[in-house]
Each structure stands twice: as C-alpha cells, then as structure tokens.
Amino acid sequence: MLKGKHIVLGVTGSIAAYKIANLASMLVKEKADVTVIMTRNATNFINPITFETLTGNKCLVDTFDRNFKYSVEHVSLAKQADVFLIAPASANVIAKAANGIADDMLTTTFLAAKCPKIVSPAMNTNMYENPIVQDNLEKLRHYGMEVIAPASGYLACGDTGAGKMPEPEILLEYIKKAVYPKDLLGKKVLVTAGATQEKMDPVRYITNHSTGKMGYALAKVCALRGAEVTLVSAQTALQTPLFVKMVPVISALDMFEAVKECYEKQDIVIKAAAVADYRPKFISDEKIKKKDGGLSLELERTDDILAYLGEHKTENQFICGFSMETSNMIANSRSKLERKKINMIVANNLKQEGAGFGGNTNIVTLITKDWQIELPKMSKFDTASAIVDEILKQM
Ligand SMILES: Cc1cc2nc3c(=O)[nH]c(=O)nc-3n(C[C@H](O)[C@H](O)[C@H](O)COP(=O)(O)O)c2cc1C
C-alpha cells in the first residue's frame, strides 16, 4: 500500500517527538520513502541522526543548509510528497501553519506542499484547550487538512487530559488512508460482522465460530477508500477499525434492528456477520428446564436479515451476502442469492484449508446472477479489497 510512496514527516519540539522514530521505522518496513524534517527545537528532544539512520535519507532542519540533493530543497520535497504529516505538532507550528508563516524548513516545505496534509497536535491540555489553538486547528481543517484528535490520558507534564499524541500505529493508519485511492468517496456502506449471541439463561448462550475478521477487513477497506462506513458488529475480539461508525450489538434481533434503522441510506450493504438461525424461545431469566435428565430448549427462528435486505432493497443499492458451505458450495450459494434477491454472494467452502472462520486468509468465490469468479487464497484484507473492486464494477 505504501510501497514507493514518498512520506514527509514533520517533527516539532514536543516530548512526543521520540515516538516518531517508531513511525518512521514502520513506514520504511512498508517500503515507503521517508524524509523527516525537524524544527530546530525538535532536535532538543531527538537527534536527527536517529531519523537519518532509520530512513536512509538526510533529516532536514535548516532551510539554508547547502548540503542538499536539490538546489531548492523545500520546493522539490514538497512536490515529491504523497503525504505530509506533522507529528507531534506543537502549538507553535500549528499557529504558523494556520497563518502561512514559513520561517524554517518545516513550515516552509509544509506551505509549499499540495499533497494531503495531516496534523497531529500534541501538547499540555491547557494549551490544547486554549481557544487560540482551537481556532488555529479549525483553520487548518478549513483549508482541507486532516487534524487528528489527540488522545486523553496522563501527559508528560504530569497533567491528565486531552493533548496526547496518538500512538504511531494510529498515525500510520491516517497516512495509509491519505494515500489510498478514493473510489468510494461519497458512498455510504453498511457492514455487519461478528458472531451474534442468543441468550439461553443468565449464564449460557448460543453463538458461532465467526471472529469478525472478514467483516472488519471489509469495513476497513471501504473506509480507506473514502466511504462513510457503519459497522454493525456482534461479538468479536477485534479492535474497532479507525474511520468507521461502530454500532455494537449482541443478538440477532439487536443486529436486525440496527440494520433496519440505517440500511435505507446505504449505497452498499455487506452482510458478513454470522447470525444464528435459531434462538431459545423463552425470554425470561429462568433456568433452562431439565427434562428426562437432559436440557429442554425450545427454539424459534431468528429474523432473516439478508432476506429482509433483499426484499426492501432501495433503488441502485447493492446488497452482498456471504455463504458458508460444506458441500455443493456453488449450487447452494447461487440458490441463496436468488432466494434472498441480493446482488452478490461471497461463498466459501468451510472444508478448504485457509478459508472461512478464524484464520487470516480466505478463499472465496464471488457469485452474481450472471457469473462467478473464484479468487485465490489471499489475506482477508486483500480478499476484502477484491470484493469491493468487484462490487464497484457491478454498480
Ligand atoms: C520538555 C518540554 C516539552 C514540551 N512539549 C511540548 C508539547 O508537547 N507541545 C507543544 O506545543 N510545546 C511543547 N513544548 C514547548 C515547545 O517546545 C516550544 O513552544 C517551542 O518553541 C516549539 O518549537 P517548534 O514549534 O519550533 O518545534 C515543550 C517544551 C519543553 C521544554
């Protein structure tokens, strides 16, 4: 995703500057070409040699340093950049950037750059909450820059509150989002994921093996590609992906209600959740009745979310479902596609190694009314990208 991309990192005089060494290293591992520009004050917190060693590129501090590759280095760098991230961004550099001040290498190059620009403020809570700083951040947003909300927590100055720079892993996600093609911009996507739980008694429940990995990968891919994503998620052990609106649910009924509430506004709906077909019939907290030494559990069908979506499909909406089969995968999936009146089914054979629940890979066949294609074994993220490519071709 970042291979060959030129990422410029601006580092300012904040205690959080040391964390950018980790980010630079992560970017290099992803094969990005990284240049770090530091303010003079930032060099009090971390030595430029650290960045030069990690990135293999000269770390720039002084605008009038003549030991550069190009004659007007700040302009050449600004032109090459695919993304420019200032992190940590001091209150001082934020103020300069918001007002077009270019009095050092970092602020001059930032002003000259036309690529996507991201700013990650890091400072003491009182500084961050100061209306002057807030106005400056608003101005940066107004000019199209992405401002990453700082995390709250214990700050290096001993105070607790908002102003903490997010961890490098999160900054990396913002960089990825900035370089990703935006072919889903303006589209609304609803993804359901995870394993629903149907309560049997106060202790036990019926569930399934879904880990939510496929659905979360789909939500992430769609968000990176610019869609406004709502993720209705039943139980998983996964972290909520960035850039998505998360709606947590527990049972099939909760999921059905959450979907009913928002499906009409969506351009694409992908039902990747594994929903139990049946739930225990009783609804009180009483214990399951014992009968003839065994458990007596009366079951009733849960709502068929996919059928509902197919039935109530709005004009130009694209509905994609999943089908997990252990035999006759194509025939059963095609019949499901027709029965549920949806646009595409992603089918996989649970008996195939590397496919289905749990693992990080999948092997799927995409089936529509007129054709089918089998995708090779890929990571769930790449499978999700291929599914989204195909949906876009069909729409
Ligand atoms: C130990 C220490 C930590 C600092 N941390 C921050 C910080 O997190 N955010 C900030 O805006 N300023 C912080 N400052 C103040 C800035 O370094 C100071 O405003 C400086 O002028 C910023 O320069 P620059 O924006 O050119 O990098 C800190 C200062 C010291 C001494």
Side-chain angles (χ1 to χ4, degrees), residues 7-24 34-52 54-55 57-65 68 73-74 77-78 81 83-113 117-141 143 145-172 174:
I7 314 296
V8 179
L9 299 177
V11 180
T12 74
S14 155
I15 195 81
Y18 77 94
K19 290 190 177 179
I20 301 306
N22 197 0
L23 177 63
V34 184
T35 302
V36 178
I37 311 179
M38 300 176 77
T39 62
R40 177 67 59 202
N41 288 328
T43 63
N44 289 307
F45 294 85
I46 180 166
N47 196 297
I49 294 171
T50 305
F51 292 123
E52 290 182 354
L54 290 170
T55 66
N57 287 325
K58 186 172 165 65
C59 175
L60 310 168
V61 180
D62 180 1
T63 324
F64 300 99
D65 183 345
F68 283 156
E73 185 77 0
H74 63 274
L77 247 184
V83 185
F84 199 140
L85 166 71
I86 303 186
S90 63
N92 177 51
V93 158
I94 289 168
K96 289 192 208 174
N99 291 284
I101 293 172
D103 65 351
D104 62 8
M105 186 63 181
L106 173 56
T107 49
T108 307
T109 314
F110 196 64
L111 197 60
K117 296 186 208 174
I118 312 169
V119 173
S120 178
M123 64 199 72
N124 162 272
T125 307
N126 291 343
M127 283 170 90
Y128 179 68
E129 288 174 352
N130 188 314
I132 303 174
V133 173
Q134 289 301 317
D135 281 354
N136 287 334
L137 291 171
E138 194 45 48
K139 217 163 164 185
L140 296 183
R141 283 188 207 100
Y143 286 114
M145 291 170 225
E146 172 110 56
V147 176
I148 303 178
S152 287
Y154 179 77
L155 304 171
C157 56
D159 287 352
T160 303
K164 211 174 154 69
M165 189 183 77
E167 292 305 313
E169 290 76 11
I170 292 178
L171 300 179
L172 181 66
Y174 275 86

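Any value given below was found using the heavy atoms of this structure, including those in side chains, with hydrogens, waters and symmetry copies removed. Residues take their numbers from the sequence shown, with the count starting at 1. Numbering of ligands and ligand atoms starts at 1, following listing order.
- Contact shell of ligand 1 (protein heavy atoms, cutoff 4.0 Å): Thr12, Gly13, Ser14, Ile15, Thr39, Asn41, Phe45, Ser90, Ala91, Asn92, Val93, Ala122, Met123, Met127.
- Minimum heavy-atom separation, Lys117 to Leu111: NZ-O, 4.2 Å.
- Between the side chains of Asn47 and Thr50, no donor-acceptor pair of N or O atoms lies under 3.5 Å.
- Considering only heavy atoms from C-beta on, Phe51 comes within 4.5 Å of Val11 through its side chain.
- Of all heavy-atom pairs between Val34 and Thr55, the closest is O-CB, 3.3 Å.
- Summarising the local packing, CD1 of Ile132 is surrounded by 12 or fewer heavy atoms from other residues, nucleotides or ligands at distances under 6.0 Å.
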Give the C-alpha distance, both sets of side-chain angles, the deciding distance and a yes or no for salt bridge (Lys or Arg N to Asp or Glu O under 4.0 Å) between Arg40 and Asp104. CA-CA 8 Å; Arg40 177 67 59 202; Asp104 62 8; over 6 Å; no
